[in-house]
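To keep things clear, I will list the structure first and then write my remarks on it.
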Amino acid sequence: MIVCQCQNISDRDINSAIDWMRASDSAALITPGKIYRALGKQADCGGCMPLFLATMRKNANLEVPMELRGLRARTTKDNQTCKATRKSSII
């Protein structure tokens, strides 16, 4: 099935690109932009994006690698110190 008519990208192309990227780097975060680049193409009008994303989500190799899950939850505001707002004791 053709997913992107502007660039003539099929669901098979998307799935092949995802499978290839996952095989070459098991920790890669796969995005639509990376798929376009892997296929040697670039997004045009964006009308296909809902179908493009739905096709991506159906691929079992799209999952975020286990070691990268929860990274955002581990970093909280309390753990970070901002040097720019630290007050100096010298006046």
Side-chain angles (χ1 to χ4, degrees):
M1 162 179 72
I2 297 294
V3 174
C4 176
Q5 292 182 6
C6 297
Q7 297 295 324
N8 195 29
I9 298 174
S10 70
D11 57 338
R12 288 182 187 170
D13 296 332
I14 294 170
N15 288 316
S16 295
I18 291 171
D19 295 341
W20 174 78
M21 284 188 273
R22 182 61 68 218
S24 65
D25 183 1
S26 63
L29 292 175
I30 300 170
T31 65
K34 288 183 179 181
I35 292 173
Y36 273 101
R37 278 183 240 120
L39 296 172
K41 301 181 182 205
Q42 62 185 31
D44 192 9
C45 72
C48 66
M49 204 47 63
L51 183 56
F52 199 100
L53 291 171
T55 303
M56 286 178 63
R57 288 183 187 118
K58 291 179 186 176
N59 189 304
N61 282 327
L62 187 66
E63 285 190 15
V64 174
M66 193 58 90
E67 62 270 11
L68 298 178
R69 293 182 190 180
L71 288 179
R72 185 177 287 175
R74 286 186 224 149
T75 305
T76 63
K77 215 173 192 180
D78 298 333
N79 294 341
Q80 298 175 349
T81 59
C82 180
K83 294 177 183 176
T85 60
R86 193 180 302 166
K87 294 186 179 184
S88 175
S89 61
I90 301 173
I91 298 178

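- Of the residues I9, I14, L51, the one that meets the side-chain contact (heavy atoms from CB on, under 4.5 Å) test with C4 is I9.
- Between the CG atom of D19 and the CZ atom of R22 there is a distance of 9.5 Å, given to the nearest 0.5 Å.
- M49 and I2 fall into different hydrophobic clusters, where Ile, Leu, Val, Met, Phe, Trp and Tyr residues are linked whenever their side-chain heavy atoms come under 4.5 Å apart, directly or through other members.
- One side chain, S10 or D13, offers a donor N or O that lies under 3.5 Å from an acceptor on the other.
- In terms of modelled atom types and a separation under 3.5 Å, the side chain of N61 and the main chain of I18 share no donor-acceptor contact.
- Interatomic distance, K58 NZ to N15 CG, rounded to the nearest 0.5 Å: 9.5 Å.
- Closest approach of T31 and M56 over heavy atoms only: C-CE, 4.0 Å.
- In the hydrophobic clustering of ILVMFWY residues, with side-chain heavy atoms under 4.5 Å counting as a link, W20 and L39 come out together.
- Between Y36 and Q7, the shortest heavy-atom distance links the atoms CE2-CG, 4.3 Å.
- L53 is connected to I30 through a chain of hydrophobic side-chain contacts under 4.5 Å among Ile, Leu, Val, Met, Phe, Trp and Tyr, so both are in one cluster.
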